[in-house]
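Let me begin by presenting the structure, written as structure tokens, before commenting on it.
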Amino acid sequence: MQQNEAVLGLDIGTTSLKAVLFGQRGRVVASSTIEYPLTHPKPDYAEQDPEHILQVLIESVRRVQKESKAKGYTIKSIGFSTAMHSLIAMDAQDIPLTPVIVWTDNRSIKQADKLKNELGGHEIYRRTGTPIHPMSPLAKILWMKEEDPGTFSRTRMFAGIKEFVLHRLFGKYLSDYSIASGTGLMRLETLDWDQEVLELLGISREQLPELVPTTQVLTGIKASYAVEMGIPADIPFVVGSADGALANLGVAATSAGEVAVTIGTSGAIRTVTDKPVTDEKGRTFCYAFPDDKWIVGGPTNNGGIMLRWLRDQFATPEIEVARKLGIDPYDLMIKYAEKVPAGSEGLLFLPFLTGERAPYWNANARGTFFGISLRHQREHFIRAVLEGVVLGLFSVGVALRDMTGPAKEIIASGGFARSPVWRQILSDVMGKELLVPEVADASAMGAAVLALYAIGDMDSLAESRSWVRISHRHEPDLKNSEVYLQLYYMYERLYSKLKDEFDIMAEFQRSGGFGTERD
């Protein structure tokens with residue numbers, strides 16, 4: 001890129017859209033973050049309005065373009081990053097029949113169980129790399145077939161949010177290999193839709209988007225959208241990849257032993273391999289990564305959304321104090337947590353407020369505070385939430401270590417990376433040095449890097465290393481690490497002991513009653 005050129009990374013997340021414009025060597029030129037709602041019209045439902053997200057995307061590009069012009073920059077290319085596992089049923093006129101059904105939606109829990117226990121779910125996982133869970137479009141489509149056959153029969157196209165956006169902007173339904181990997185519908189070895197799965201669902205490949213590489217370049221955006229965004233109609237867009245894969249690319253964790261940890265709304269821990277790797281126990285995912293590599297790891301449902309829940313439901317005093325001081329309520333909450341020693345003086349949080357994905361893949365898991373006593377105050381609960389989220393990630397890291405070996409380097413990104421306290425907790429729990437890049441929005445940076453690579457402005461994705469500048473390093477406090485290791489063992493034991501009770505409580509929450517009495 002020339003000195004006055006920049007590349008835009010668009011990260012369509014679960015609760016917000018981040019647009020970050022990068023100049024030479026990955027310097028941030030301009031950025032915009034716009035939140036959008038996630039609605040829960042029924043128990044286990046999690047939905048969004050696709051048209052609203054499209055308008056947020058248009059507004060985000062418009063804002064960044066306006067700022068870039070004011071600073072004398074020209075946008076050279078635009079790349080996409082997107083949250084995985086979303087589903088929208090589109091009719092023959094390309095009108096949505098459903099909202100966006102997002103990854104946190106658990107309505108298809110019965111279908112996921114059916115897939116696991118009756119329909120060869122483990123073999124489907126080994127072929128597709130997507131664990132059997134209500135998050136996946138595989139389970140969602142089966143739910144629609146069985147529970148909403150009217151919508152199922154009217155569906156011409158099963159799309160995700162990025163496919164919906166690309167169709168609106170360019171008139172094509174396209175799914176990159178990385179996003180398609182997370183549907184449970186694509187075979188890893190062939191990078192094609194799995195015919196056995198399609199037959200099981202009773203759908204055709206014509207009802208699924210065209211599969212394309214992550215580097216697919218699109219030009220000729222519809223003129224009306226170009227005008228709304230304030231961009232030239234011939235600007236190249238790059239289809240891009242999934243947010244997790246791009247987070248690894250954005251922090252340059254692209255070689256064996258380099259592990260990326262992300263905590264945004266959810267959380268994930270991932271590493272890159274040269275060939276597909278699935279787990280005999282089904283604990284981890286395996287998805288296509290740009291440049292003929294693969295990404296192996298696991299997502300947790302419960303990341304920063306846990307702290308948001310705590311803020312919204314229990315932190316009214318902090319919100320009021322923060323407003324008077326002119327600071328972020330999260331900063332004040334974490335400052336309180338900093339006063340509490342590792343282990344929260346015996347208060348342990350199982351952070352399963354939205355069920356859990358890796359390593360348990362249990363949509364019925366429920367949040368639990370364990371060990372509450374009269375000595376525990378507000379700050380203990382805040383720290384316990386921070387620790388519980390990280391212990392959940394560590395449980396995935398244990399599975400990843402079993403499959404790919406110990407981590408040589410851990411690099412952190414996501415909204416949590418702005419918190420020194422949370423970063424230190426992660427280093428202590430992992431028992432390893434933690435590196436934190438200067439740019440926290442790693443998925444947006446990864447989308448920008450991939451966009452430059454796709455249009456030939458980078459010879460290799462390895463050049464992204466020159467974009468990554470480490471701003472913080474955290475060495476583990478080994479005394480705290482020992483505390484957390486013991487807490488992790490308790491975390492695992494508690495999950496095992498409560499697993500049956502989670503099922504009972506989840507059914508009570510869905511139906512409003514306990515049903516058959518137990519002995």
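Computed over heavy atoms, backbone and side chain alike; hydrogens, waters and symmetry mates excluded.
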Would Phe158 and Ile88 count as a side-chain contact (heavy atoms from CB on, under 4.5 Å) if you check the C-alpha gap in whole Å, the side-chain angles of each, and the deciding distance to 0.1 Å? CA-CA 6 Å; Phe158 293 100; Ile88 312 168; over 6 Å; no

Do the side-chain N and O atoms of Ser178 and Ser241 include a donor-acceptor pair separated by under 3.5 angstrom? yes

Would you mind reporting whether Ile221 and Met229 have side-chain heavy atoms less than 4.5 Å apart? yes

Salt bridge check: are Glu51 and Arg168 linked by an N-O gap of less than 4.0 Å? yes

Got a sec, which pairs hit salt bridge (charged side-chain N to carboxylate O under 4.0 Å, His left out) with one end in residues 293-314, sequence neighbours left out? none

Side-chain heavy atoms of Val7 within contact of Ile75, under 4.5 Å: no

Exactly one of Thr104, Asn301, Thr300 should register a side-chain hydrogen bond (donor to acceptor under 3.5 Å, both in side chains) with Arg357. Which one does? Asn301

Would you check if Thr215 and Leu450 make a side-chain contact, meaning some heavy-atom pair closer than 4.5 Å? yes

Does the pair Leu201 and Leu185 meet the rule for a side-chain contact (heavy atoms from CB on, under 4.5 Å), with working shown? CA-CA 10 Å; Leu201 294 174; Leu185 309 175; 3.6 Å; yes

Under 3.5 Å side-chain donor-acceptor pair for Gln3 and Gln24: no

Looking only at the side chains, is there a donor atom on one of Tyr45 and Asn106 sitting less than 3.5 Å from an acceptor on the other? no

With side chains defined as the heavy atoms from C-beta onward, is the minimum distance between Gln424 and Leu426 less than 4.5 Å? no

Going by heavy atoms in the side chains, are Thr128 and Phe285 under 4.5 Å from each other? no

Going by heavy atoms in the side chains, are Asp292 and Asp274 under 4.5 Å from each other? no

Decide yes or no on ring pair (Phe, Tyr, Trp, His ring centres under 6.0 Å) for Phe170 and Phe237, but give the supporting numbers first. CA-CA 10 Å; Phe170 294 95; Phe237 282 73; 5.3 Å; yes

Kindly state each residue pair satisfying salt bridge (charged side-chain N to carboxylate O under 4.0 Å, His left out) with at least one member in residues 74-90, sequence neighbours excluded. Glu5-Lys76, Lys76-Asp457

Are Thr354 and Asn302 close enough that a side-chain donor and a side-chain acceptor fall under 3.5 Å? yes

Parallel under 30°, tilted from 30 to 60°, perpendicular over 60°: which one fits the rings of His474 and His472? tilted

Option from Leu188, Thr273, Thr130 for which side-chain contact (heavy atoms from CB on, under 4.5 Å) with Cys286 holds: Leu188

Approximate separation, where rounding is to 0.5 Å, of Thr33 OG1 and Asp441 CG: 6.0 Å

Can you confirm whether the side chains of Thr15 and Thr265 place a donor and an acceptor under 3.5 Å from each other? yes

Looking at Arg63 and Glu67, is any side-chain nitrogen of the basic one under 4.0 Å from a carboxylate oxygen of the acidic one? no

When the ring planes of Trp309 and Phe314 are compared, do they come out parallel, tilted or perpendicular, using 30° and 60° as the limits? perpendicular

For the residue pair Arg465 / Ser255, report whether a side-chain donor-acceptor contact shorter than 3.5 Å exists. yes

side-chain contact (heavy atoms from CB on, under 4.5 Å), that's the test. Do Val61 and Leu8 meet it? Break it down for me. CA-CA 9 Å; Val61 175; Leu8 179 59; 4.2 Å; yes

Is Lys324 paired with Glu320 through a side-chain N to carboxylate O contact shorter than 4.0 Å? no

Are any side-chain N or O atoms of Gln65 and backbone N or O atoms of Gly230, one a donor and one an acceptor, separated by less than 3.5 Å? yes

Given side chains that start at C-beta, do those of Val259 and Ile411 come closer than 4.5 Å, heavy atoms only? no

Within this structure, what is the CE-OG distance for the pair Met135 and Ser108, rounded to the nearest 0.5 Å? 10.5 Å

What's the spacing between Phe416 CZ and Trp422 CH2 if we round to 0.5 Å? 7.5 Å

Check whether Gln207 reaches the backbone of Thr155 with its side chain - one donor and one acceptor, N or O, closer than 3.5 Å. yes

Kindly determine whether Tyr36 and Asp49 satisfy side-chain hydrogen bond (donor to acceptor under 3.5 Å, both in side chains), including the steps that lead there. CA-CA 9 Å; Tyr36 33 74; Asp49 178 359; over 6 Å; no

Any side-chain donor paired with an acceptor under 3.5 Å for Thr14 and Trp103? yes

With a 4.5 Å heavy-atom cut-off, do Phe22 and Met445 have their side chains touching? yes

Look only at the side chain of Lys145 and the backbone of Phe152, and say whether a donor-acceptor pair between them is shorter than 3.5 Å. no

How about CZ on Arg469, more than 12 heavy atoms from neighbouring residues, nucleotides or ligands closer than 6.0 Å, or not? yes

Once you measure the plane-to-plane angle for Tyr173 and His167, does it fall in the parallel (<30°), tilted (30-60°) or perpendicular (>60°) bin? parallel

Evaluate the side-chain contact (heavy atoms from CB on, under 4.5 Å) criterion for residues Tyr225 and Leu54: first the C-alpha distance (whole Å), next the side-chain angles of each, then the deciding distance (0.1 Å), finally the verdict. CA-CA 10 Å; Tyr225 290 118; Leu54 175 63; 3.9 Å; yes

In this structure, CG of Leu166 is separated from OG of Ser175 (nearest 0.5 Å) by 9.0 Å

Can you tell me how far apart CG (Asp331) and CD (Glu318) are? Round to the nearest 0.5 Å. 12.5 Å

Will you find, in the side chains of Thr262 and Arg270, an N or O donor that is under 3.5 Å from an N or O acceptor? yes

Does Asp194 come within less than 4.0 Å of Arg127, counting only side-chain N to carboxylate O? yes

Residue pairs meeting salt bridge (charged side-chain N to carboxylate O under 4.0 Å, His left out), one or both in residues 25-38, sequence neighbours left out, come to Arg27-Glu438

What is the distance from atom CG of Leu10 to atom NZ of Lys162, rounded to the nearest 0.5 Å? 10.5 Å

Pairing donors with acceptors under 3.5 angstrom, does anything connect the side chains of Asp11 and Ser81? yes

